[in-house]
Structure formats: structure tokens, C-alpha cells
Amino acid sequence: MANAGGTSTFIIILTRDSVRTDRRTITMKQTYISEVAAHAGESVTIKGWLYNVRSSGKLMFLEIRDGSGIIQGILPKNAVPEAVWELAGTLTQESSVIVTGTPREHPKRPGTFELDVAEIELVQLAQEYPITPKEHGVEFLMDHRHLWLRSKRQHAILRVRHEIIRAVRDFFDNDGFILADTPVLTPAACEGTTTLFEVDYFGDEKAFLTQSGQLYNEATAAALGKTYCFGPTFRAEKSKTRRHLTEFWMVEPEVAYAELDDVMTLAERFLSFVVQRVLENRQEELKVLERDTAKLAAIVPPFPRLQYDDAVKMLQQGHADGKVENFFEWGGDFGAPDETFISGQFDKPVMVHRYPAQIKAFYMEEDPTRSDLALCVDVLAPEGYGEIIGGGQRMQSYDKLISRIAEHHLPREAFEWYLDLRKYGSVPHAGFGMGIERCVTWVCGLDHVRETIPFPRMLNRLRP
RNA sequence: UGCGAUGUAGCUCAGUGGUAGAGCAACCGCCUGUUAAGCGGAUGGUCGCAGGUUCGAAUCCUGCCAUCGCAGCCA
């Protein structure tokens, strides 16, 4: 590859196949496949990759993708110069190509467009591509995640993820929230319960990758009223389930002068907005994923609210009816099968609130009428997808917070700044966190979180 | 970390004591409406590793390694 500089000739020589192109074609105006319908009958140039080839003697079908979509190129031998036909015959899966042709409606499928190919320029002839159009195991595909991302299903999932993230931002931005991101490097555990990834901080101190921005959110909410943070979150737990990543993205709103009921209302408005937005803008993708959209259409406020006590009764009744294997005793946290059973009783997300304070984090406010309960809420997604939101009202009293820190055996000095928030104008405040990947998993109807992030980090998966 | 499973061709898998198999991919042909196209041909193996039982082990036994699933923990 040589560039003579300026606007003079720009030559690309591909030694592998000895193809030469000049600046004229490489700079030709690009049309994205998603836009071809508007250019029916005109000559357009598509810059992309060869997704698949089917040949029928003297008629070739070239499936071309360019990130915006996939289009089938039609190439009859007798309609193009010999050189174009011969080049097409050598193309391999995922070779990069620039194809010029004329979009035309599919003879049998109104609404879908094909491309009558006139010219093909080879940019690079791909070597034997590991991911064939046939079936593969998840492990093999994950090892080739950098290439797997090129397939239709992954396109659909990542587009839904994008739509969800955009909706999340729009919801908070339009609702008076200020984005105030919290640090990824933190000096100590936020909650002291889970395992953190440790980082050497210039040799003389240890730092940890954040497991939640919540404590910092309380400071920004006290400054700006309504805030949210949105960033990567890290959990070093050795979880090996379909619901866990070691690195995931979490959005966490926090509201000053808000109580538990306020954030429950916020959560149901928020989740409904996000789901409805995906339904509005990503029908095609949901179709590729074979998602039952009727179930998503039902996600509108209000959501059922279920006190922990009543959830326990529900589980105990379920046990008596033989629908829940183990007897659930009051005071414990719900396991995955328990959550599945509870959420299975509703066709909307269910908000379970007021868990026993003992099993919740130290900063949870206590119920004024039942000091053994925490003013917290978990939102369980329908169809067995489990917890996607966790949050609640934060401890307002300086003295009570000090006792909680002591009870949880946490080092008080690490929380002095956090205690300051209770010394200087303490107010009732509340918030929650939502795991983006769990939300995407549910909205897409997947059975595992690992496909909802471009490069998942899990126990036993740090590459690619 | 516990419990359960799996490991055979590039990929997906079959093969339960007697010569190592299929489909797909890649390679060579045929086919003008294919949609994971189809058809024909040729090619492709240290059966996870180590030890043991046996005339003979992919197959039975022991140990190890790797991976997956479920659970715990959590979003």
C-alpha cells in the first residue's frame, strides 16, 4: 500500500491476489445497506464483507453485509464482464469487498431488496473463516468472539443493547437527572461483602475496582439533587451461572428527598420506558431473536409490589402445593429458584420490598414501623429472569449509620467522607442500580448474559 | 468451593471390548432463483493426558487436566 500524497493517485496493491484498485473506486460514495430501498433503480456502491455465497451454475448469490444490514447480490454470468464473474468465483467468506450495483425489490419477497451486481472490487481475500454458516458450540464461538460479533444474531443483540442504553440515558436526561459518574478505582469495599478485584496503586496502596457507584452517588445527589452514574462494575465472585459476569455495566440513579415508594415508582416508570422504546425501534432485531413481543408489550406501570413477608408466604404456599422444592424460612435471602417462582406468579416485573435488614447492606434505611426490616426493593424480571434491579432508601441518621458500620465490622475511617453526608444536611434519599446485561438478556429473551456484551468477562473467560 | 455432565477430524456429533465413522467447512467438478442451497468426487485422526486390566481399549478401572451446567454470592 502506497500513498503518493495529496490528491494524486492512491494505489492499493493486494499481493495475496494481485488485485489493484485506484482511488476512484475506493473513494466512491458509499451507500449503506439499510438505505438501499431509497435508491432502487440507481447505481449504488456498498462497502462491506462477504457473508455467504451460494452458486447455481451460471448464477451466483452473494450475501454482503456492511454492519447496517445484509443484502443479497445477484450475479448472472452473462450479465457482467468475464473478469467480474471470475473474481466472484474466488471470493471467500468474510472477504472485504466493494460492490457496485442496482437495488431492486426481491421478486418473491416484497419489501426486501436485492442488488443486481455490476462490479466487484476485492479489498482483501479472507483466509479460511473459522465460523461457518453451520452450527457451532458456545465455547468455540466465545473463543472467536471477535469474529462471532459479525453474525446476524449478535448484530441483533448488540443493537438492542445499544437501544436500551440510549433509552436509559434519555429517560434520566429527560427527567432532570444529572450524569455524575463515579470512580472505577476505589480505596475500599463499598459493602464489604463481596470479593473485589485488587489493583496495585503505585506500590504503597491497594486500590479496588468498583463494585457499585452508590456511595459516591449519595454525595452527588446531595450536591445536584437527582443524579445517575453509568459505567462498568466489577465483581470478583467466582460465580459460574448464566446470570453472572465479572465485568458488567450498571446504571445507578440516586434521588435526594426521595423515599422507598418514590424509587419504586421511578423504577417502574424507568423499566417501562426502556422496554417500550425497544419495542418501538427494534422490531426487526426482536424478530431475529424470535422474542415473544406480546410479553414485552405488557411491561407498563404499575408493577405489582410485594412485601418480603408476603413473598415468603407465597413461597411457603408453593412448597405446600409441591411447586417449590425447599421450604423457605423467613429471614433468608431468595435463591435463584425462589426468585423464578415468585416472578412466575406475575406477567410484569415484581417489586419485592422490605427484606429483613440482617441480610441487606449496612447503608439500608430501616422501616420506621418494623426496625427489623430494611426499606429496600428488588425488581424481579418476569419469565424467570430474576433480579435486574436492586435498591432502596439510604440510612439518614448519623448515629444509626455509625452503629451499622460497627455491626458489619467495617473500618469506620474508610467511611468518614460518607458519614459527612449525614453531618451536613442529611436528608431522606434513595436510589437503585440496574444491571444492563441482565436487562438486555431479559428483553432479548436469551438464556445467558454472555452474549449481551461485546467481550464478556467471566470466571474462566478473560479472552479475547 | 460443592453436586452433575462432557472431552473422538477445522466445526457439530455418532461409535460400550475386535480394522476410526457421519454431516458440514476447506479442495476439485456439476447446476440460471438460491436462502444453513443442492448433487458427485477426493482429502482429513496422538479418540484430553498419564498409568492400569486384557490376546486386544475410543470403549473397563484409577489419577490428573480442561470445559460446561446447576447451586452459593449478586445486578
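Reckoned from all heavy atoms, side chains included, excluding hydrogens, waters and symmetry mates. Computed from a prediction, not measured in an experiment: that's the story for all the values here. To find a chain, count down the sequence lines: A is the first, B the second, and so on, and within it residues start at 1.
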A.B. asks: Which residues, if any, of residues 134-172 of chain A bring a heavy atom under 4.0 Å of RNA chain B?
C.D. replies: A:K134, A:E135, A:H136, A:G137, A:E139, A:F140
A.B. asks: Can you check the A:H448 NE2 to B:A75 P distance for me, whole Å?
C.D. replies: 18 Å
A.B. asks: Closer than 4.0 Å, any side-chain N/O of A:H106 to the OP1 or OP2 of B:U35?
C.D. replies: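 For B:U35, OP1/OP2 do not have a side-chain N/O of A:H106 under 4.0 Å.
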A.B. asks: All N/O contacts under 3.5 Å from nucleotides 26-32 of chain B to the protein, with atom names and distances to one decimal?
C.D. replies:
{"unit_1": "B:A26", "atom_1": "O4'", "unit_2": "A:E128", "atom_2": "OE2", "d": "3.3"}
{"unit_1": "B:C31", "atom_1": "N3", "unit_2": "A:G57", "atom_2": "N", "d": "3.1"}
{"unit_1": "B:C31", "atom_1": "N4", "unit_2": "A:S55", "atom_2": "OG", "d": "3.4"}
{"unit_1": "B:U32", "atom_1": "OP2", "unit_2": "A:K58", "atom_2": "N", "d": "3.0"}
{"unit_1": "B:U32", "atom_1": "O4'", "unit_2": "A:S56", "atom_2": "O", "d": "3.4"}
{"unit_1": "B:U32", "atom_1": "O4", "unit_2": "A:N78", "atom_2": "OD1", "d": "3.4"}
{"unit_1": "B:U32", "atom_1": "O4", "unit_2": "A:N78", "atom_2": "ND2", "d": "2.4"}

A.B. asks: Hey, is A:R243 close enough to A:E387 for a salt bridge, meaning N to O under 4.0 Å?
C.D. replies: no
A.B. asks: Once you apply the 3.5 Å cut-off to both distances, tell me the Watson-Crick or G-U wobble partner of B:G69, or none.
C.D. replies: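 By the stated definition (distances under 3.5 Å), B:C3 pairs with B:G69.
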A.B. asks: Rounding to an integer number of angstrom, what distance separates B:A57 and B:C73 when you compare their C1' atoms?
C.D. replies: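 The same atom, C1', in both gives a distance of 44 Å.
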A.B. asks: Using the C1' atom as the point on both nucleotides, what is the distance between B:G48 and B:A22, in whole Å?
C.D. replies: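 Nearest-Å result for B:A22 against B:G48 at atom C1': 22 Å.
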A.B. asks: B:C3 and B:G63: how far apart are their P atoms, nearest whole angstrom?
C.D. replies: 13 Å
A.B. asks: Among side-chain atoms of A:S212 and A:E252, is any donor-acceptor pair under 3.5 angstrom?
C.D. replies: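 Yes - a donor-acceptor pair under 3.5 Å links their side chains.
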A.B. asks: Can A:T45 and A:T100 be counted as having a side-chain donor-acceptor contact under 3.5 angstrom?
C.D. replies: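 There is such a pair between these side chains.
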A.B. asks: If the P atom of B:U54 is compared with that of B:C68, how far apart are they to the nearest Å?
C.D. replies: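 That atom pair is separated by 38 Å.
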A.B. asks: Could you tell me the separation between the CG atom of A:D116 and the P atom of B:G33, rounded to a whole number of Å?
C.D. replies: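 Distance, rounded to whole Å: 15 Å.
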A.B. asks: Under 4.0 Å, heavy atoms only, any strand: does A:I389 hit a base, just the sugar-phosphate, or nothing?
C.D. replies: sugar-phosphate
A.B. asks: Using OP1 and OP2 only, check whether a side-chain N or O of A:K108 sits under 4.0 Å from B:U34.
C.D. replies: yes
A.B. asks: What's the separation between atom OG1 in A:T265 and atom CG in A:L260, rounded to the nearest 0.5 Å?
C.D. replies: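 Reported to 0.5 Å precision, the distance equals 9.0 Å.
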A.B. asks: Hey, is A:R65 close enough to A:E94 for a salt bridge, meaning N to O under 4.0 Å?
C.D. replies: yes
A.B. asks: Decide yes or no, distance alone: a donor-acceptor N/O pair under 3.5 angstrom between the base of B:C73 and the side-chain of A:S239.
C.D. replies: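 Result: at least one qualifying N/O pair found.
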A.B. asks: With no hydrogens and no angle check, just 3.5 Å: does a side-chain donor-acceptor pair link A:Y418 and A:E218?
C.D. replies: yes
A.B. asks: Please give, in whole Å, the distance from B:G33 C1' to A:E105 CD?
C.D. replies: 16 Å
A.B. asks: What distance, rounded to whole Å, do you find between the two C1' atoms, one in B:U1 and one in B:G72?
C.D. replies: 9 Å
A.B. asks: For salt bridge (Lys or Arg N to Asp or Glu O under 4.0 Å), just list the numbers for A:R291 and A:E383, CA-CA rounded to whole Å, side-chain angles, deciding distance to a tenth of an Å, and then say yes or no.
C.D. replies: CA-CA 12 Å; A:R291 183 62 164 111; A:E383 302 170 70; 2.9 Å; yes
A.B. asks: Let me know the distance between CG of A:L62 and C1' of B:A37, rounded to the nearest Å.
C.D. replies: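 Roughly 14 Å, once rounded to whole Å.
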A.B. asks: Counting only heavy atoms and a strict 4.0 angstrom limit, can you tell me which residues of residues 313-334 of chain A come near RNA chain B?
C.D. replies: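 Under 4.0 Å from RNA chain B: A:D333.
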A.B. asks: Could you tell me how far apart A:F113 (CZ) and B:U35 (C1') are, to the nearest whole angstrom?
C.D. replies: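 These atoms are roughly 18 Å apart.
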A.B. asks: Report the residue (A:P107 or A:R450) whose heavy-atom-nearest nucleotide on RNA chain B is the more 5′ of the two.
C.D. replies: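 That would be A:P107.
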A.B. asks: Please report the distance separating the C1' of B:A9 from the corresponding atom of B:C47, rounded so that it comes out in whole Å.
C.D. replies: 10 Å
A.B. asks: So what does A:G386 touch, heavy atoms closer than 4.0 Å: a base, only the sugar-phosphate, or nothing?
C.D. replies: nothing
A.B. asks: Ignoring hydrogens and angles, state whether a donor on the side chain of A:T452 or A:H448 is under 3.5 Å from an acceptor on the partner side chain.
C.D. replies: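 A:T452 vs A:H448: no donor-acceptor pair found between side chains.
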A.B. asks: Mind checking whether A:F177 and A:F172 have parallel, tilted or perpendicular rings, split at 30° and 60°?
C.D. replies: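 Aromatic pair A:F177/A:F172 classed perpendicular.
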A.B. asks: Taking atom P in both B:G69 and B:C31, compute the distance separating them and give it to the nearest angstrom.
C.D. replies: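 Result for the P pair: 47 Å, nearest Å.
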A.B. asks: Ignoring hydrogens and angles, state whether a donor on the side chain of A:D378 or A:Y308 is under 3.5 Å from an acceptor on the partner side chain.
C.D. replies: no
A.B. asks: Between the base of B:A75 and the ring of A:F248 - centre-to-centre under 5.5 Å, planes within under 30° - is that a stack?
C.D. replies: yes
A.B. asks: Given that both distances must come in under 3.5 Å, which nucleotide forms a Watson-Crick or G-U wobble pair with B:A50?
C.D. replies: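 Check on B:A50: paired to B:U62, both distances under 3.5 Å.
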A.B. asks: When you compare B:G15 with B:G21, how far apart are their P atoms, in angstrom units rounded to a whole number?
C.D. replies: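 Roughly 15 Å separates the two P atoms.
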A.B. asks: So if I take every side-chain heavy atom of A:L245 and compare against B:A75, B:A71, B:A37, which nucleotide ends up nearest?
C.D. replies: B:A75
A.B. asks: Could you state the CZ-P distance from A:R104 to B:G33, rounded to the nearest angstrom?
C.D. replies: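 These atoms are roughly 13 Å apart.
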A.B. asks: Can you tell me the distance, in whole Å, between the CG atom of A:L380 and the C1' atom of B:A75?
C.D. replies: 12 Å
A.B. asks: Using Watson-Crick or G-U wobble geometry with both distances under 3.5 Å, which nucleotide pairs with B:C13?
C.D. replies: B:G21
A.B. asks: Going by modelled atom types, is there a donor-acceptor pair between the base of B:U34 and the side chain of A:Q72 at under 3.5 Å?
C.D. replies: yes
A.B. asks: Watson-Crick or G-U wobble partner for B:U34, using a 3.5 Å limit on both distances?
C.D. replies: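 WC or wobble partner does not exist here.
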A.B. asks: Can you check whether any acceptor in the base of B:C68 is under 3.5 Å from a donor in the side chain of A:R461, or vice versa?
C.D. replies: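 Between B:C68 and A:R461, which were checked side chain against base, a qualifying N/O pair under 3.5 Å is absent.
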A.B. asks: Just N and O in the side chain of A:N52: are any of them under 4.0 Å from OP1 or OP2 of B:A36?
C.D. replies: no
A.B. asks: When you measure from the side-chain N and O atoms of A:R54 to the phosphate of B:U34, is any distance below 4.0 Å, counting only OP1 and OP2?
C.D. replies: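 No, outside the criterion.
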A.B. asks: Taking the minimum atom-to-atom distance to the side chain of A:N460, which one of B:A37, B:G72, B:C68 wins?
C.D. replies: B:C68
A.B. asks: Please determine whether a side-chain nitrogen of the Lys or Arg among A:R305 and A:E268 lies less than 4.0 Å from a carboxylate oxygen of the Asp or Glu.
C.D. replies: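 A:E268 and A:R305: salt-bridged.
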A.B. asks: Answer with yes or no whether the side chains of A:Q154 and A:E451 bring together a donor and an acceptor at under 3.5 Å.
C.D. replies: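 Indeed, the side chains of A:E451 and A:Q154 share at least one donor-acceptor pair under 3.5 Å.
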A.B. asks: Between A:V449 and A:K238, which has a closest nucleotide on RNA chain B that is more 5'?
C.D. replies: A:K238
A.B. asks: Just call it for A:T241: base, sugar-phosphate, or nothing, with non-hydrogen atoms closer than 4.0 Å on any strand.
C.D. replies: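 Contact class for A:T241: base.
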A.B. asks: Which part of the nucleic acid, if any, lies within reach of A:M434 when heavy atoms closer than 4.0 Å are counted: base, sugar-phosphate only, or nothing?
C.D. replies: nothing
A.B. asks: Partner lookup for B:G45, please. Criteria are Watson-Crick or G-U wobble with both distances under 3.5 angstrom; report none if nothing qualifies.
C.D. replies: none
A.B. asks: Check whether the side chains of A:E42 and A:H39 place a donor and an acceptor atom closer than 3.5 Å, and report yes or no.
C.D. replies: yes
A.B. asks: Rounded to whole angstrom units, what separation is found between the CE atom of A:M458 and the P atom of B:G69?
C.D. replies: 7 Å
A.B. asks: Of the nucleotides B:U34, B:A71, B:A75, which has the atom closest to the A:F61 side chain?
C.D. replies: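 Selected nucleotide: B:U34.
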A.B. asks: Please evaluate residues A:F334 and A:Y355 with respect to the criterion ring-ring contact (aromatic ring centres under 6.0 Å, His included), reporting the C-alpha separation (whole Å), side-chain torsions for both, the decisive distance (0.1 Å), and the verdict.
C.D. replies: CA-CA 10 Å; A:F334 302 129; A:Y355 285 67; 5.6 Å; yes
A.B. asks: Does a side chain donor of either A:W49 or A:D66 reach within less than 3.5 Å of an acceptor in the other side chain?
C.D. replies: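 No, because no side-chain N or O of A:W49 sits under 3.5 Å from a partner of the opposite role on A:D66.
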A.B. asks: Should the pair A:F171 and A:F273 be assigned to parallel (<30°), tilted (30 to 60°) or perpendicular (>60°) ring geometry?
C.D. replies: tilted
